Amino acid sequence: MAKQYWLVKQEPSTYPFDKLVEERTTSWDGVRNYQARNNLQAMKKGDRVLYYHSGAGPEVVGICEVVRAAYPDPTTDDEGWVSVELKAVKRLKKPVTLEQIKREPSLAGMALLRQSRLSVQPVEQDEFARVEQLGGGRAL
DNA sequence: GCCAACGTTGGC
DNA sequence: GCCAACGTTGGC
């Protein structure tokens, strides 16, 4: 199956991208929203993920990769919730701010803009490539 | 701190 | 099944 692309949102005060870089991988658990859960379940090993800091100065700061597909969320006994394992791939040379994304016509369709509260969301391949490019990286 | 968007809960 | 109340998220 073709590689899929995603975006995960996190408050930097809770778990900054730097922490993920430091720990190399982390369990993306504690998600308690059905739509976000469905997205977690659809993730496959090897999928690429944009790491977004919400809160003050919201921006995409890095890229990670799914290293383990959905498994039962260890933070709850409830069977209904899942988590995935994420690995830090790289920090963007320049973070891509929400403001930049809003200004970029090719990114107008991003779920980030249309569904601001969704914490795990799908990203189109061309959107992912554009964000990576804006961040100072090469396009895929 | 405020407000908009949206999810959840509970009464009916 | 509808809707009001309430809670949470997240941008500003």
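Keep in mind that the numbers below use all heavy atoms, side chains included, and drop hydrogens, waters and symmetry copies. The chains referred to below are lettered A, B, ... by the order of the sequence lines, with proteins before strands, and numbering in each begins at 1. The shown structure was predicted, so the numbers you read here are calculated from the model rather than taken from an experiment.
- Following rounding to the nearest Å, A/N33 (CG) and C/dG7 (P) show an atom-to-atom distance of 19 Å.
- Taking A/K19 as the reference, A/E23 meet the salt bridge (charged side-chain N to carboxylate O under 4.0 Å, His left out) condition, with sequence neighbours excluded.
- Summarising the geometry, the separation between CG on A/L113 and P on B/dC6 is reported as 13 Å, rounded to the nearest angstrom.
- The salt bridge (charged side-chain N to carboxylate O under 4.0 Å, His left out) contacts involving residues 62-73 of chain A comprise A/R32-A/D73, A/R48-A/E65, where partners must be two or more places apart or lie in separate chains.
- Separation of the A/Y34 and A/W81 ring centroids falls under the 6.0 Å cut-off.
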Got a list of protein N/O to nucleotides 9-12 of chain C N/O distances below 3.5 Å?
from   : atom 1 : to     : atom 2 : distance (Å)
C/dG11 : OP1    : A/Y52  : OH     : 2.6
C/dG11 : OP2    : A/G55  : N      : 3.1
C/dC12 : OP1    : A/K102 : NZ     : 2.1

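- Side chain of A/R114 to backbone of A/G109: a donor-acceptor contact under 3.5 angstrom is found.
- Between the CD atom of A/Q115 and the P atom of B/dA5 there is a distance of 13 Å, rounded to whole Å.
- Looking at A/D78 and A/T76, their side chains never bring a donor and an acceptor atom within 3.5 Å of each other.
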